[in-house]
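Below, chain A is the first sequence line, B the second, and so on; all start at residue 1.
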Amino acid sequence: MSERFGSVDLTNCDREPIHIPGAIQPHALLLVLTEPALVIQQASANTADRLGVPATELAGRPLASLLADADLVRIQTDLTGRDLDAAPHYLPPLHLAGCAEPFEAVLHRYQGALILELEQWPGAAPLAVEQAYASLKATTVQLERAGTVSAFCQRAAEEVRRFTGFDRVMVYRFDTDGSGHILAEAKRDDLESYLGLHYPASDIPKQARELFKRSQLRLNPDIRYTPVPLVPALRPDTGGPLDMSYCVTRAMSPIHVEYLTNMGIAASMAISIVINDTLWGLVACHHYSPRYVSHPARMACEFLAQVLSLQMARKEEAEAREYAARLRTCHAQLAATMVEEPDVHRVLAEAPDAAFAGIEAQGSALLLNHRLTTRGRTPPEPMLRALTDWLATDVPEAVWATDRLGHVRREWADQADCAAGVLAARLSAQPPAYLIWFRPEVTQTVSWAGDPEKPMESGPLGDRLTPRKSFALWQQEVRGRSIGWSTVELEAARTLRQTILEVVVRRAEELVRFNAELELKNEELDSFAYVASHDLKEPLRGIQNFSHFVLEDYGEKLDPQGAAQLQTVIRLTGRMELMLDSLLHYSRLGRAGLRAHEIDANDTLQAALELIAVRLQERGTAVRIPRPLPRVHADPDRLTEVFTNLISNAAKYNDKSEPWIEVGWLEPKDEGEPVLYVRDNGLGIAPEHQESVFRIFRRLHPRDAFGGGVGAGLTIVRRIIDRHGGRIWLESEPGRGSTFYFSFPRPA
Amino acid sequence: MRPAGPDLLVTVVEDSDEDFVALNRVLRMAFPHLRVTRYRCGEDLLEQLARRDERLPALIVLDLNLPGLDGREVLRRLREAPRTRHVPIVILSTSSHPRDVRLCYEQGANAYHVKAMDFGAFREGVETFIRYWLERVRLPVPQEMEQP
C-alpha cells in the first residue's frame, strides 16, 4: 500500500493523489469496460478468488462472458437511457458467472471509462424499499418543520443513524477557510460526544474536499483491509492511471485509515452535502466494528442528503435574508432618527441595537469630531485612538474588515479577547473618524461537548490524529481569529457610513448656508445701522445748529429760562449723537475683519492705559498689575478697546476714597487658555443686573451720575470677545467691587 | 497770507438746506467777501463746470450723501475732467466711516472733514480749511493766465 501512495505524512497529505489509488477495497470487484462493446479493459486483482478467473485473463474479454443475457441487456439499456457521466448509478443485484451470491452493483462513466463496481458483504441485511420510502417520507416532513439549520441537521443525523445503524452519525459543517465543526450528532449513548468539535482545515485536505464534492457517498465497511490493485495497473487506452474520483469502493488514503484507526473506528461512511456547487458539509458516519450498508439504505441516505442540501440552501438563505432584513430595518431606523437628531453619537448610543446598526458584534465604537462613543466590549480608548490613527494612515479602503487583527498588527494580538475581528468604516481620514465593530477570538466563544480536562487519548498509532489533537490544532490555528465578517455585514457598514456622511455633509452645507445668510444679515444690519445713524445725524445736526443760531441771533431777546431750555436741546442732541456713534461702532465690529494673532497682552494693556491716563489721574485711581500678562491670540486694537472699556468703567463706577483697579490673569486649566481679568473695588453689580449690564444702552445708574456715558461699552466689549470666539463673565458683590473675566481661544 | 477776497469763488455741493445754512453762516461771518455758489446735486455742478465759459471755483466743498449722483462719483468725475482736475476739493460729510475716508483720498480729495455735531466745532473746522485752502496755499491760476 505504502509504495502505491508513496510516502505520505501530515505535511504533504494535501498533495496525496487520493483519486488515483489504483486499488479498491477487498469486498468489491471492479471492472473497467469499453463502450459500446462492453469489453473488459481492467479488472481488480481479486477476480480469481471471487469468480475463479484471474484478472489478467479477464482483460480483453466481453462482459457478456460474466453476465446473464437479461442483466447485460439492462446494462446496455442503462448506457443509452441514463446519464452515467460522473454520476454513479445503482443497478439491481447482479449474478456473475463463477459466484453463487449476487453482487450489489453500481455503474458510472468517467473520462471515457465505464466503471462497474460490484459489492458483496456476507450477511448484509438489505433495507426493504417500502421501509426506506415510508421512513424518508416521514423524515422529510419532520425536516420541513425543523426551525434552525442545526435543529434540521440534528434530525437528519438521527435519521441516517436509523437507516444505517452506525454507532455515530455527525453532520459536519465546513467553514470558508476549510476548517469545520460538528453541528449535529446522533450516537450510541456510551460514546463520548464530538458535538461542537472544531477541526483544522488540514484534517480534511483540499483534494479530499474536492472528491467529496464530486462523489456523493463513500463507504469503507472495514478499514482493516489490504487494498486490491487493478490489473493492468494502467489504462490500456490512455496509458495513464484510472481516475477513481467517483468510485464508491476506491481504496482509502492511508492517512485517513490512520486517523480512523486512532479513533478506534472500524467502518466509516461519508455523504456529501453540496449547496450551489460548494461543499457545505458532510454526514460522517462511524462504526466501531466493520459495517456494510446495503444499496437501498445508501440510496435512502443519499436522498436524505439531497433533501438536506435543498432545504439547507433554503434555510440558510432564509436566515441570511432575515439577517439582511434585520440589518436594513436597523439602518432605516437609524437613518430616520438622524433626520431629527443632529448628534450622530446620540443616535447610535441610544439605538436599541446591541452593536451599531444591528451587526452581530460584541462591541462597536464611533469616533467622530474627536468624540468617542462605544457600546459593548471594545478595546480601551488609547487602543481605539491608535487603531483609528493606523486605519487612517495605512488602510486605503473606506470599509475594511479582518478576522485576525493580531496577525495584521502584532502589537494588538493581546486585544484578541475583544478585538480579534474588526470591521471599520471610514467617515474621515483627517482627522480620523471611524465606525468600528469588534468581535472576540473564536476560541473564546467555542467549546465542544468532549471533556477538555480528560487527558489526551493516544490511539494505537500514536497521539497524532485524534479528535482532541484536532481540536487543539484547530484552536492553535484560530488563535487570535474571530468569526468572519459577511458580505451583508460589510454592506450594512457601508450603508451606515454613507448615511452618516450624507448627514454630516448636509449639516455642513446647512451650516455654510446659515453662515452665508447670517453674514448677509449682519451686513444688512451694518448698512442699516450705518445709514440710520448717518441719516439721523443730519436732522440732529440741524436741530443743534439752529438752536445755536437762535442763541447767537436772538440771545438777548430770550429770558434765562428760554436760553437754558435751548441749551438743553443742544445737550440732548449731543447725547443722541453719542448713542448713534456707539450703534455705528457696534455694527462695524460685526464686520470689520479681525486681525487676531499671538500678541503680548502687556503691550495692549499699556496702550489702553495711555489712552485713559487722564481720566484715571483725575480720579486718583491706582492700577495694579501683579504680574506680567501672558500672550494671547487676539486682535491687538480690539483688545486695547476691551481694556479701555473695562478699565474706564472700573474707574468710573467707583465711590471709594482709594479706588484701585487690578489687571491680572489666571493659569489655564488643562489645555485651556489663560483667563484675563479686570478687578475693581468699586460699586459692584447686584446679581440680578449681572447679565443686563451687557445689553446696549442699558444703564444701572442715573444718566449724569458717574460721568455719564451712553451704556454701550460692555456691549462692545462682549461683541469683541464673541467675535474672537472667546468668553466673558463677571463676579461681583455690590459695595465690594467687580471682576470681569475673559479669555480668547487659541486656533486649533 | 492773502485774505480771501471777493474774487475768490467757493462752490458748495450740499443737498441739505439746514447744513448749507450752517456752512453759509460760518462763511458769511468769517469771510464776508467770499463768493459762494451752491448746488443741490452733483449733476448740476458737473454740467455747469463742463461749460468752457464758466468760471472755475477756487475750492469745491463736496458732501457725499447726495441725491442722484453720489458724492463719491461726483468726486471721481471732477478728477477725471481735465478742466477741474486741479481744483482743490474738500469733502464735508456726516460719515466718519474709514472706508469712505480712504476712498475719497484715493479718488483725489484734498481733505476730508466730518461734519461736527457741535456747532462750535463745526465752525472751527470750516474756518480752518477755508483759511488753509484760500489763504495759506498757492493754487494754480487758470492756464490762459499762466505767465512764466
Strictly distance-based, threshold 3.5 Å: is any side-chain N or O of A:Thr715 a donor or acceptor partner for the main-chain N or O of A:Phe694?
yes
If we define contacts as heavy-atom pairs under 4.5 Å, which of B:Met117, B:Lys115, B:Glu18 has the most with chain A?
B:Met117
Can a donor-acceptor pair be found, under 3.5 Å and without considering hydrogens, that links the side chain of B:Arg83 to the backbone of B:Arg52?
yes
Relative to chain A, which segment of B:Asp100 carries a heavy atom at a distance below 4.5 Å: side chain, backbone, both, or neither?
side chain
Checking A:Ile570 against chain B: side chain, backbone, both or neither under 4.5 Å from a heavy atom?
neither
Under 4.5 Å from any heavy atom of chain A - which part of B:Asp19:
side chain
Checking the side chain of B:Arg40 only, and the main-chain atoms of B:Val13 only, is there a donor and an acceptor separated by less than 3.5 Å?
no
So, the part of A:Phe546 with a heavy atom under 4.5 Å from chain B: the answer is side chain
From A:Arg619 atom CZ to A:Asp655 atom CG, the distance as rounded to the nearest 0.5 Å:
11.5 Å
Ion pair check, A:Glu673 and A:Arg631, cut-off under 4.0 Å
no
Below 4.0 angstrom, N of the basic side chain to O of the carboxylate: do A:Glu641 and A:Arg719 qualify?
no
If one checks every heavy atom of B:Ser96 against chain A at 4.5 Å, the contacting part turns out to be both
Name the option with the most non-hydrogen atom pairs under 4.5 Å to chain A; the candidates are B:Asp118, B:Thr94, B:Asp17.
B:Thr94
